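So the structure is just underneath, and the comments pick up after that.
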Amino acid sequence: MEILIDERTIAAQIKRSAAALSARYSGAPLLFVSVLKGAFIFMADYIRNVDISCEAAFMAVSSYGDSTESSGDVKIRLDIDRDISQYHVVILEDITDTGRTLAKVVDMLRDRHPLSLEVISLLDKPGRRVNDFVPDEALFTIPDLFVVGYGLDYAEKFRNLPYIAVLTAQ
Ligand code: IMP
Ligand code: MG
């Protein structure tokens, strides 16, 4: 497996992004939402670098497609455990690939009228986009490669790797 982004590089980008975010939302009711399971490690590391008051919630969605590509049919399997209308919501996502999942999740959450909504994606693969979705911030833009590690899986494996690696033939 070839390392694409190592642990130190990930940590440095998260630290930079979380410091800027902490300045942006200081004094505001802030709720981080992450989409399970891929973003759980990103969420855990990100919020530990946030130094203002915040809360965390999780959702899970399913998108029926094959094991390496989502379909447009995104369904909520686990919903956020509260009313988001009193919060500035920041979605933390592992990767923006085709853009189908985030376009749908953002639509669904906007319908609930949060005070504001932004998306921070650890990784962005703009070359794969099938719609006009653009995350507000992407920590790394990567080429069209299937990657694993740091929460991202292939067939549920490799989430435990502390770095982002390119999946090579198994
Ligand atoms: P979408 O194609 O933008 O809807 O991406 C949906 C989901 O597919 C992401 O949240 C990931 O869970 C998964 N995914 C997309 N690209 C990769 C990849 O390179 N490695 C692992 N998972 C991926
Ligand atoms: Mg995901």
Side-chain angles (χ1 to χ4, degrees), residues 4-63 70 74-126 132-142 147-153 156 158-164:
L4 186 66
I5 310 170
D6 66 26
E7 277 181 83
R8 281 182 47 202
T9 309
I10 297 169
Q13 273 291 74
I14 288 178
K15 192 172 174 187
R16 184 202 51 72
S17 171
L21 179 138
S22 299
R24 226 164 42 242
Y25 287 99
S26 183
L30 173 61
L31 178 67
F32 288 101
V33 171
S34 89
V35 183
L36 295 171
K37 298 180 239 181
F40 80 109
I41 292 178
F42 180 42
M43 168 77 122
D45 281 351
Y46 198 98
I47 70 169
R48 279 182 289 178
N49 282 274
V50 169
D51 63 4
I52 58 170
S53 171
C54 64
E55 299 176 32
F58 296 89
M59 63 190 298
V61 299
S62 54
S63 157
S70 65
V74 177
K75 297 239 156 52
I76 296 182
R77 286 198 295 120
L78 171 74
D79 207 347
I80 300 170
D81 58 359
R82 74 199 75 176
D83 175 6
I84 63 171
S85 65
Q86 303 308 313
Y87 292 96
H88 294 277
V89 171
V90 175
I91 299 175
L92 294 177
E93 177 58 313
D94 53 352
I95 187 164
T96 313
D97 184 39
T98 64
R100 288 178 180 125
T101 306
L102 277 170
K104 205 61 195 283
V105 166
V106 163
D107 263 6
M108 293 188 290
L109 295 193
R110 276 206 201 288
D111 281 348
R112 302 177 188 183
H113 308 293
L115 297 174
S116 66
L117 182 66
E118 75 167 287
V119 175
I120 300 179
S121 186
L122 174 66
L123 305 175
D124 188 10
K125 280 199 273 192
D132 59 4
F133 183 82
V134 183
D136 297 282
E137 183 180 343
L139 273 51
F140 300 97
T141 298
I142 63 169
V147 292
V148 294
Y150 201 77
L152 291 117
D153 73 305
E156 294 299 328
F158 310 114
R159 296 190 196 276
N160 56 309
L161 300 177
Y163 45 78
I164 306 280

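Owing to the predicted nature of the structure, the values given are computational and were not obtained by experimental measurement.
Residues Val119 and Val105 fail the side-chain proximity criterion, which asks for heavy atoms closer than 4.5 Å. The closest side-chain heavy-atom distance from Ile142 to Ile164 is not below 4.5 Å. Two residues are said to be in side-chain contact when any heavy atoms from C-beta on lie closer than 4.5 Å; Pro29 and Gln86 fail this criterion.
Classification of Asp94 and Arg159 as a salt-bridged pair fails, no side-chain N sitting under 4.0 Å from a carboxylate O. Checked for salt-bridge contact, Glu93 and Lys104 miss the test: no charged N lies under 4.0 Å from a carboxylate O.
Under the 3.5 Å distance criterion, the side-chain polar atoms of Glu118 are left unmatched by any main-chain donor or acceptor of Asp136. Between the Tyr25 side chain and the Ile52 main chain, no donor and acceptor come within less than 3.5 Å of each other.
When all heavy atoms of Thr9 and Phe140 are compared, the pair lying nearest together is O-CZ, 3.6 Å. Listed here is the closest heavy atom pair of Ser17 and Tyr46: OG-OH, 2.7 Å. Residues Ser22 and Val50 approach most closely at OG-CA, 3.5 Å, considering heavy atoms. Contact detail for Gly151 and Ile41: the closest heavy-atom pair is N-CD1, 3.6 Å. Taking all atoms of both residues into account, the shortest heavy-atom contact from Phe42 to Leu122 is CE2-N, 3.7 Å. Of all heavy-atom pairs between Ile5 and Tyr163, the closest is O-CB, 3.4 Å.
The residue from Ile80, Leu117, Asp83, Val89 that alone fulfils the side-chain contact (heavy atoms from CB on, under 4.5 Å) condition with Arg112 is Ile80.
Note that CE of Met108 is 10.0 Å distant from NZ of Lys75, once rounded to the nearest 0.5 Å. The structure places CG of Leu102 at 4.5 Å from OG1 of Thr96, a figure rounded to the nearest 0.5 Å. Summarising the geometry, atom CG belonging to Asp79 is positioned 5.5 Å from atom CE belonging to Met59; distances are rounded to the nearest 0.5 Å. To the nearest 0.5 Å, the span separating OG on Ser121 from CD1 on Ile95 amounts to 7.0 Å.
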Inset, instruction - Dump the intermediate steps for side-chain contact (heavy atoms from CB on, under 4.5 Å) on Leu31 and Arg82, then the final yes or no. - result: CA-CA 10 Å; Leu31 178 67; Arg82 74 199 75 176; 3.8 Å; yes

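Counted by atom type alone, His88 and Ser116 present one or more donor-acceptor pairs between their side chains at under 3.5 Å.
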